[in-house]
2 protein chains.
Amino acid sequence: MTASPQSDRRVQRREAKVAAILDEAWKLAHRDGLAAVSLRDLADAVGLRQPSLYVYFESKADLYDAMFADGYRQLLAYIGTRRRADDPRQALANLVTDCVRFSSDDVVRHQLLFQRTIPGFEPSQASMTLAVEFYNLARERCDAAGIRTQADMDVLTALISGLAHQQVANNPGGRRWVRYADRVVEMFLADLDRRTTLERNSR
Amino acid sequence: MTASPQSDRRVQRREAKVAAILDEAWKLAHRDGLAAVSLRDLADAVGLRQPSLYVYFESKADLYDAMFADGYRQLLAYIGTRRRADDPRQALANLVTDCVRFSSDDVVRHQLLFQRTIPGFEPSQASMTLAVEFYNLARERCDAAGIRTQADMDVLTALISGLAHQQVANNPGGRRWVRYADRVVEMFLADLDRRTTLERNSR
DNA sequence: GTCTATATTCGGATAGAC
DNA sequence: GTCTATCCGAATATAGAC
């Protein structure tokens with residue numbers, strides 16, 4: 001199962017090309033809207049003829065899927081670059097801030113990853129694996145901060161997506177809702193503590 | 001400026017027809033996705049030929065705009081049917097629940113009203129008036145509950161949109177996040193009280 | 001107001017030469 | 001892998017008769 005040096009280079013070339021195409025696809029999506037990206041424009045942008053794109057993607061849905069996967073890789077990479085605080089609660093607050101910031105940094109990416117808005121597009125299993133990877137990372141960090149029930153997770157995810165959504169929808173390019181992240185996590189954790197205390201006292 | 005009985009009836013007929021067309025447009029949007037609604041299918045559904053739709057809407061964007069306005073009228077009507085609790089905090093909690101429920105009742109409507117997802121579509125000024133009307137209603141109710149600063153409003157709107165988003169994205173047709181509305185408002189108000197106390201003590 | 005007919009543009013996708 | 005050529009379908013929109 002040893003690949004020849006030639007095929008090695010070929011694979012590498014191909015991956016570089018795919019990456020370049022994806023890059024232009026994001027640019028077009030920013031310019032025209034995600035649903036309005038066309039394979040013709042995309043081919044133009046990368047200096048290919050439109051049918052040649054089919055060498056790299058077998059359909060338009062496949063292109064969206066690759067963008068979806070790319071977006072989640074970006075998210076995982078971004079979270080990976082951030083230092084994790086020692087205090088688990090602080091680490092959680094930072095994660096929330098990072099998520100909201102990540103969304104606010106690219107409205108279109110946010111749209112593709114977190115809103116299901118392209119008619120007919122469903123991420124493939126392979127792409128969903130990346131989404132799950134992120135979800136597990138978040139759950140692990142929640143666990144460390146003492147958030148264990150599904151209900152608590154549900155509420156927290158709602159808080160994150162709400163901040164991200166308002167940020168993207170009402171202050172694109174800004175940081176208005178990003179700045180509320182710490183406050184919201186504090187609020188959430190205080191509520192958690194209050195509930196724990198209440199439960200203990202009722203026993 | 002007195003309209004004749006004839007033109008009166010004509011206007012009424014026309015409005016009824018527009019309403020019927022909008023009704024079918026919503027159905028198609030549910031079936032195919034909002035962005036995938038076509039004037040051909042729509043004309044078919046209402047028993048007209050496709051060009052005849054241009055008697056009622058001057059473009060496709062105009063149709064979306066009418067749907068947008070219709071959606072906000074539905075929202076205002078829905079909130080209007082709900083009894084307003086005497087306790088302002090309870091009234092606020094109910095409003096939040098109602099908003100989330102409203103979103104969860106129609107994913108596509110939620111998408112059109114609260115996510116900006118159709119490339120090139122911008123609501124007209126006339127339609128935005130309805131959106132503003134709703135926003136004012138919400139602000140008034142917040143005011144009654146003692147929420148007055150912009151930051152507090154910002155956080156509250158994030159909470160609502162987060163609950164609504166998670167509901168439509170992850171439990172469409174269900175009530176999973178609707179049920180967290182009361183808890184989230186409680187949490188928010190408790191935080192508000194805590195902040196007020198802190199501020200008072202620091203003076 | 002509704003129709004037929006059609007313009008126009010644009011989209012994704014395929015066949016087959018090089 | 002890339003190209004030319006082309007298919008096919010679908011979309012919005014307009015002209016003009018009735």
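So that the names make sense, note that chain A is the first sequence line, chain B the second, and so on, each numbered from 1.
Residues satisfying the salt bridge (Lys or Arg N to Asp or Glu O under 4.0 Å) criterion with B:Arg148, sequence neighbours excluded, are B:Asp143. Residues forming a salt bridge (Lys or Arg N to Asp or Glu O under 4.0 Å) with B:Asp65 (at least two apart in sequence, or on another chain): none. For A:Asp106, the side chain to side chain donor-acceptor pair (under 3.5 Å) partners two or more places apart in sequence, or in a different chain, are A:His30. Taking B:Arg179 as the reference, B:Arg175 meet the side chain to side chain contact (heavy atoms under 4.5 Å, CB included) condition, with sequence neighbours excluded. Residues satisfying the side chain to side chain donor-acceptor pair (under 3.5 Å) test with A:Gln150, not counting sequence neighbours, are A:Asp154. Partners of A:Ser38 by side chain to side chain contact (heavy atoms under 4.5 Å, CB included), not counting sequence neighbours, listed by chain and number: A:Arg40, A:Asp41. Taking the side chain to side chain contact (heavy atoms under 4.5 Å, CB included) definition, one finds that A:Ala61 meets it with A:Ser59, sequence neighbours left out. With sequence neighbours left out, the side chain to side chain contact (heavy atoms under 4.5 Å, CB included) criterion links A:Ser161 to B:His165, B:Gln166.
A salt bridge links B:Asp152 to A:Arg183: at least one charged side-chain nitrogen sits closer than 4.0 Å to a carboxylate oxygen.
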Show me, pair by pair, the donor-acceptor contacts under 3.5 angstrom made by side chains of residues 79-90 of chain A, not counting sequence neighbours?
residue : atom : partner  : partner atom : Å
A:Thr81 : OG1  : A:Tyr78  : O            : 2.6
A:Arg82 : NE   : A:Asp98  : OD1          : 3.1
A:Arg82 : NE   : A:Asp98  : OD2          : 3.4
A:Arg82 : NH2  : A:Asp98  : OD1          : 3.4
A:Asp87 : OD2  : A:Gln90  : N            : 3.2
A:Arg89 : NH1  : A:Asp193 : OD2          : 3.3
A:Arg89 : NH2  : A:Asp193 : OD1          : 2.9
A:Gln90 : NE2  : A:Asn94  : OD1          : 2.9

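In this structure, A:Phe57 reaches neither bases nor backbone, as no heavy-atom distance under 4.0 Å exists between it and the strands shown.
The CG-C1' distance, from A:Leu63 to C:dG11, rounds to 14 Å in whole Å. Look at CZ on B:Arg49: it is 10 Å from C1' on C:dT2, rounded to the nearest Å. Summarising the geometry, the separation between CZ on A:Arg9 and C1' on D:dG1 is reported as 17 Å, rounded to the nearest angstrom. Rounded to an integer number of Å, the gap from A:Leu42 CG to C:dC10 P is 17 Å.
Between A:Ser52 and D:dC3, a side-chain N or O to OP1/OP2 separation shorter than 4.0 Å is present.
Comparing the helix axis at one end of the helix from C:dG1-D:dC18 to C:dC18-D:dG1 with that at the other, each defined from 5 consecutive pairs, gives an inter-axis angle of 0° (nearest 10°).
Within residues 13-35 of chain A, the residues having any heavy atom closer than 4.0 Å to DNA chain D are, in order of number, A:Arg14, A:Lys17.
Checked by atom type and distance alone, the side chain of A:Glu133 never pairs as donor or acceptor with a backbone atom of A:Leu137 at under 3.5 Å.
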Task: Contact pattern, 5' to 3', of nucleotides 12-18 of chain D - B, S or - by protein heavy atom under 4.0 Å - done: BBB----
